[in-house]
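Below: the structure, in structure tokens.
Below, all heavy atoms of this structure are taken into account, side chains as well, without hydrogens, waters or symmetry copies. Nothing here was measured: the structure is a model prediction, and the numbers come from that model.
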Amino acid sequence: MLIYLCEDSESDALRLKHHLNTYATKHHCNMEILLFSSGEEMIQYYKEEKRYPALLFLDIYMNNQDGVETARILRSLGYEGGIIFTTSSTEHAMASYEVNALYYLQKPYSHTDFLNAMSRCDTLLEESNEVFTFSVRRKEYSLPYSDILFFETDGEKIYGHTKDEAYEVKQKLYELEELLPIAFCRI
């Protein structure tokens, strides 16, 4: 599962990363955590790399673009995953509803507070663990099955389609069928 962590304070980022790693170990889930120090950096990566996180943690008070504005931009780009805000103030709590945030963690927070935030993400995290992984030009992609609309073949190549893009998959159709969950059926 891919998680974006956007925090301009290195100590706060390390603390949150530690909470996430502890959670991942206890719940036996694989987490890839990408750190960003600004909303602009995170949005640029999101647009260019097309690696969509299941969950993102956003600090609200950052230089230039704040976390709420970053969340608004991501939602306008089609991001449908979970958002948890981390901040030292409750000033923006109401604004978090505008972007459908899952939780609002007020700093300094305890591990119990962190676990309360993560409990809001249970269904989201379970679904995001179910991913289809493939390589294109030596770059690995992981797409949640819930984002894949269908696969098609033109006789030589297989393409996996999401709502935004088509990805060429370097596998034989019969191999692909064996990997996919039962929700995908050949027609």
Original post:
Out of His18, Lys26, His19, which one pairs with Thr22 under the side chain to side chain contact (heavy atoms under 4.5 Å, CB included) rule?
Top reply: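 So, applying the side chain to side chain contact (heavy atoms under 4.5 Å, CB included) to Thr22 and each of His18, Lys26, His19, only His18 qualifies.
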Is there side-chain contact between [X] and [Y], with at least one heavy-atom pair below 4.5 Å?
| X | Y | answer |
| --- | --- | --- |
| Ile33 | Leu16 | no |
| Tyr23 | Thr25 | no |
| Phe57 | Phe114 | yes |
| Glu152 | Ile158 | no |

Subject >> Full working for side-chain contact (heavy atoms from CB on, under 4.5 Å) between Leu20 and Leu5 >> reply: CA-CA 10 Å; Leu20 285 165; Leu5 195 163; 4.1 Å; yes
**OP:** Decide side-chain contact (heavy atoms from CB on, under 4.5 Å) for Tyr61 and Asp8; before the verdict, give the C-alpha distance in whole Å, the side-chain angles of both, and the deciding distance to 0.1 Å.
**Re:** CA-CA 8 Å; Tyr61 292 112; Asp8 61 352; over 6 Å; no
Return the [atom1] to [atom2] distance between [X] and [Y], rounded to the nearest 0.5 Å.
| X | Y | atom1 | atom2 | value |
| --- | --- | --- | --- | --- |
| Met42 | Gln65 | CE | CD | 8.0 Å |
| Ile83 | Leu56 | CD1 | CG | 5.0 Å |
| Ile43 | Tyr4 | CD1 | OH | 10.5 Å |
| Phe85 | Cys6 | CZ | SG | 10.5 Å |
| Ser37 | Met62 | OG | CE | 9.0 Å |
| Leu35 | Glu41 | CG | CD | 9.0 Å |

Original post:
Can Tyr52 and Tyr46 be said to form a ring pair (Phe, Tyr, Trp, His ring centres under 6.0 Å), step by step?
Top reply: CA-CA 7 Å; Tyr52 306 123; Tyr46 180 88; 4.9 Å; yes
Original post:
Stepwise, does the ring pair (Phe, Tyr, Trp, His ring centres under 6.0 Å) test hold for Tyr45 with Phe36?
Top reply: CA-CA 9 Å; Tyr45 182 88; Phe36 302 94; 5.5 Å; yes
**OP:** Would you please test His161 and Tyr167 for ring pair (Phe, Tyr, Trp, His ring centres under 6.0 Å) and show each step?
**Re:** CA-CA 6 Å; His161 292 268; Tyr167 297 89; 9.2 Å; no
Is [Y] reachable from [X] through a run of hydrophobic residues whose side-chain heavy atoms are each under 4.5 Å from the next?
| X | Y | result |
| --- | --- | --- |
| Met31 | Leu115 | yes |
| Leu105 | Leu14 | no |
| Leu34 | Leu77 | yes |

Original post:
So, are Glu32 and Arg51 salt-bridged, with charged N and O less than 4.0 Å apart?
Top reply: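 Answer for the salt bridge query: yes.
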Original post:
Is a salt bridge present between Arg15 and Glu10, judged by a nitrogen-to-oxygen distance below 4.0 Å?
Top reply: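 Glu10 and Arg15: not salt-bridged.
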Work out which heavy atom in [X] is nearest to a heavy atom in [Y]; give both atom names and the distance.
| X | Y | answer |
| --- | --- | --- |
| Gly39 | Thr70 | CA-OG1, 3.4 Å |
| Cys121 | Leu55 | SG-CD1, 4.0 Å |
| Tyr79 | Pro53 | CE1-O, 3.1 Å |

**OP:** Show your reasoning for whether side-chain contact (heavy atoms from CB on, under 4.5 Å) applies to Ile84 and Arg120.
**Re:** CA-CA 10 Å; Ile84 295 177; Arg120 294 274 178 104; over 6 Å; no
Subject >> Stepwise side-chain contact (heavy atoms from CB on, under 4.5 Å) check, Lys157 with Thr153 >> reply: CA-CA 6 Å; Lys157 296 179 182 173; Thr153 181; 6.0 Å; no
Original post:
Under the side-chain hydrogen bond (donor to acceptor under 3.5 Å, both in side chains) test, which residues partner Lys107, sequence neighbours left out?
Top reply: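 Partners of Lys107 by the side-chain hydrogen bond (donor to acceptor under 3.5 Å, both in side chains) criterion, ordered by chain and then number, come out as Glu7, Asp12, Asp59.
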**OP:** Answer yes if the side chains of Gln44 and Glu48 hold a donor-acceptor pair under 3.5 Å, and no otherwise.
**Re:**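 Yes, Glu48 and Gln44 have a side-chain donor paired with an acceptor closer than 3.5 Å.
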